[in-house]
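Structure first, then comments.
Labels below follow one simple rule: chain letters A, B, ... track the order of the sequence lines, proteins then strands, and each chain is numbered from 1. Side chains are part of it too, since the values below use all heavy atoms of this structure and drop only hydrogens, waters and symmetry mates.
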Amino acid sequence: MTISVLTKRADFLLANKGLRNARPGFVLLTRPNQGQGKRFGITVTKKVGNAVVRNRMKRRFRELLRDALPDEGLADHDHVLIGRDGGITRDFHRMRLELSHALKAASEGRGDRPRPRRRKPDGARK
RNA sequence: CCAGGGGGCCGGGCAGCCGCGUGGGAGGUAACUCUUGCGAGGAAAGUCCGGGCUCCACGAAACAAGGGUGGCGGGUAACGCCCGCCGGACGCGAGUCCAGGGAAAGUGCCACAGAGAGUAUACCGCCGAUGGAGGGCAACCUCACAGGCAAGGGUGAAAGGGUGCGGCAAGAGCGCACCGGGGUUCUGGCAACAGCGCCCGCAUGGCAAACCCCACCCGGAGCAAGACCAAAUAGGGGUCUCGCGCCUAAAGGCAGGAGUGUUUCGCUCCGAGAGGCCCGGGUUGGUUGCUAGAGCGUCGGAGCAAUCCGCCGCGCAGAUGAAUGGCUGCCCCUGCAGCGCUGGUCGCAAGAUACCGGUUGCAGGACAGAACCCGGCUUACAGGCCCCCUGGCACU
RNA sequence: GCGGGCGUAGCUCAGGGGUAGAGCAUCACCUUGCCAAGGUGAGGGUCGGGCGUUCGAAUCGCCUCGCCCGCU
């Protein structure tokens, strides 16, 4: 079973509609992908920091996934990690455990409530 | 020792386990595996300048527009960069800073205040010699009417050289001395400029990072440039405008249309179609460009220096959702806390521990990530090292 | 990679060398039995930051920070 990398923006947008498990340091999105195998993607926005910070966070996430996906990853699912503020300072082993728990929760179909669509500030509601 | 100035450099080290990218080698039909080498920075950053490279433009010249630069000389592929020098400002000094051409080419601006702000002006003030009026025998006195003045006061960022003496009714470059300014001969220097002398009483303030003038420089775009391969789709429709020319049997020529900021010459294409607008359809893979280049280092030489020349040696990142990482141990530096600890220090001692040293624990170790490549500039940066110089204090 | 714009009161914006302004909002007073509206008045500003040019800078120049928008 090979593990491939997400590159298309559309894949990331689809993943956002799947299960969502937030942990300190990262957010895990999972979504079945119709038999494309285990795939993963990493998102770290500019809000998190400069290029050094973003690259370092992506490297730590890759290292986490390299260790976790072969055994704990969900077959035929896309996995997307979104970087959060603690992604660099948090202890690596602790994040590894948290990723295991998040993957377990996802495999059992549990997740946080989906994020509400952002709406234009036209103030129609409320 | 204290305070300060200039220049250069480093910016964690070693090891273990698990990984990543890439060049070479070996094996394998292949996927891949094994092995070995290499694998972020001084700013890789901001993108503020200058180039190389590639394509576009048909080449050349001139012009216009726009933009940039601005003491002189040198360096350089080039620069708005660097070096040296000149001038000015600041500092006791080592040194530092300066967009540092032109204000008698023209235009414009100088608010408020003030009498007056660029053709200078006269509010307070000073004078009233001369003329006038009044008084007195007269010398002269009074008035401040004519008139004279710009020293003093006051306003302002700035009041049309400054200080002093003379001069005068009072004054004024009115005269003189010094300082400042302008012009000029000569001397030194490649030059910017400097110096000496002579002349001119001085006539024209500031702003050009206001328009502008002068001199010099600049074609446009950017590796998503560009080239090749593969796949797929299309090689359409509508409408408007201008055209279906002349000589010739033909080739060709002329006229015409289109193309490059403009023009001229020239060139290319079209030539029976050309152009504009609208509608519809399709594409975002791979390879290459891609790292040997104004390259890096030692030594020698030229030069005050920037830099250049020569010999020898080295091979030094190439990712593409984007490699250089994850974890751990020891060492180094800093901070905090603990321990009087075979040290120092204090104390006769018991003992004390602010300080130096030792030891243990914990925490922290900057700014920041190549993306075609170089030369600069600018900005960010914990901590540390080296060299030279200045001022002061102490000692010899 | 290339190019453009913005930053001024709590908010939306004027002002382009000579005292920082308007509207809305806030506060006080008047009006009303009370509220709204209206009227009168007041407070509120490192003009994103730094350096320079100038007598004088929100305005001109350079550097810098943040945000936004195009093109490829």
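With both pairing distances under 3.5 Å, B:G167 is matched to nothing as a Watson-Crick or G-U wobble pair. In this structure B:G329 sits in a base pair with B:C14, meeting the Watson-Crick or G-U test at under 3.5 Å. Nucleotide B:A354 has no partner under the Watson-Crick or G-U criteria, as no pair reaches both atom distances under 3.5 Å. For B:C216, the paired base is B:G68 (Watson-Crick or G-U wobble, both distances below 3.5 Å). The partner of B:A115 cannot be assigned: no Watson-Crick or G-U wobble pair with both contacts below 3.5 Å exists in any strand. Checking C:G45 for Watson-Crick or G-U wobble geometry (two distances, each under 3.5 Å) identifies no partner in any strand. The base-pairing partner of C:G1, taking Watson-Crick or G-U wobble contacts with both distances under 3.5 Å, is C:C71. With both pairing distances under 3.5 Å, B:C242 is matched to B:G273 as a Watson-Crick or G-U wobble pair.
Classification of B:U291 as syn follows from a glycosidic angle within 90° of 0. B:A40 takes the syn form, because its glycosidic angle lies no more than 90° either side of 0. With its glycosidic angle more than 90° from 0, C:G4 adopts the anti conformation. A glycosidic torsion no more than 90° from 0 defines the syn conformation, and B:C316 adopts it. Applying the 90° cutoff around 0 to the glycosidic angle, B:G205 is assigned anti.
Rounded to the nearest Å, the gap between the C1' atom of B:G252 and that of B:U288 is 45 Å. Across the C1' atoms, B:A368 and B:G37 are found 29 Å apart, a figure rounded to whole Å. Comparing B:A57 with B:G303, their C1' atoms sit 46 Å apart, to the nearest whole Å. Comparing the C1' positions of C:C67 and C:G56 gives an interatomic distance of 32 Å, to the nearest angstrom. Nucleotides B:G392 and B:A94 are separated by 14 Å at their C1' atoms, to the nearest Å. Spacing between B:G80 and B:C216 at atom C1', rounded to whole Å, works out to 13 Å. Separation of the C1' atoms belonging to C:G52 and B:A99 is 10 Å when rounded to the nearest angstrom. Across the P atoms, C:U40 and C:G23 are found 11 Å apart, a figure rounded to whole Å.
Put simply, CZ on A:Arg66 is 4 Å from C1' on B:G19, counting in whole angstrom units. Nucleotide B:G326 holds its P atom 4 Å from the CZ atom of A:Arg56, rounded to whole Å. Rounded to whole Å, the distance from CG on A:Asn55 to P on B:G369 is 9 Å. Atom CG in A:Leu64 sits about 14 Å away from atom C1' in B:C18, given to the nearest Å. Here B:G325 presents its P atom at 17 Å from CZ of A:Phe61, a figure rounded to the nearest Å. If you measure from atom CG of A:Asp78 to atom P of B:G321, you get 17 Å, rounded to the nearest angstrom. Rounding to whole angstrom units, CD1 of residue A:Ile88 and C1' of B:A368 are separated by 12 Å. Atom-to-atom, CG of A:Leu81 to P of B:G321 comes out at 18 Å; the value is rounded to the nearest Å.
Between A:Glu63 and A:Asn50, it is A:Glu63 whose nearest contact on RNA chain B lies nearer the 5' terminus. Nearer to the 5' terminus of RNA chain B, by closest-nucleotide assignment, is the contact made by A:Ile42 (compared with the other of A:Arg59 and A:Ile42).
When all heavy atoms are compared, the tightest approach of A:Ala106 to A:Asn21 is CB-ND2, 3.9 Å. Contact record, A:Glu98 with A:Pro24: OE1-O, 3.6 Å, taken as the closest heavy-atom pair. Contact record, A:Arg60 with A:Thr89: NH1-N, 4.2 Å, taken as the closest heavy-atom pair.
Partners of A:Arg110 according to the salt bridge (charged side-chain N to carboxylate O under 4.0 Å, His left out) rule, which considers only residues two or more places apart in sequence or in another chain, are A:Glu108.
Distance alone, capped at 3.5 Å, places no donor-acceptor pair between the A:Arg23 side chain and the A:Met95 backbone. Judged by distance alone, the side chain of A:His77 and the main-chain N or O of A:Ala75 form a donor-acceptor pair under 3.5 Å. Between the side chain of A:His79 and the main chain of A:Gly41, no donor-acceptor pair closer than 3.5 Å is present. In this structure a side-chain-to-backbone donor-acceptor pair under 3.5 Å is present from A:Asn50 to A:Val53.
Using a 4.0 Å heavy-atom criterion, one finds that A:Asp67 contacts no nucleic acid atom at all. Counting any heavy atom pair closer than 4.0 Å across all strands shown, A:Arg60 reaches sugar-phosphate atoms only and no base atom.
Between A:Arg62 and the phosphate of B:A322, there is a side-chain N or O to OP1/OP2 separation shorter than 4.0 Å.
Within residues 95-103 of chain A, no residue has a heavy atom under 4.0 Å from RNA chain B.
With hydrophobic clusters built from ILVMFWY side chains whose heavy atoms lie under 4.5 angstrom apart, A:Ile42 does not share a cluster with A:Leu19.
Of the charged side-chain nitrogens involved, at least one lies within less than 4.0 Å of a carboxylate oxygen, so that A:Asp78 and A:Arg39 count as a salt-bridged pair.
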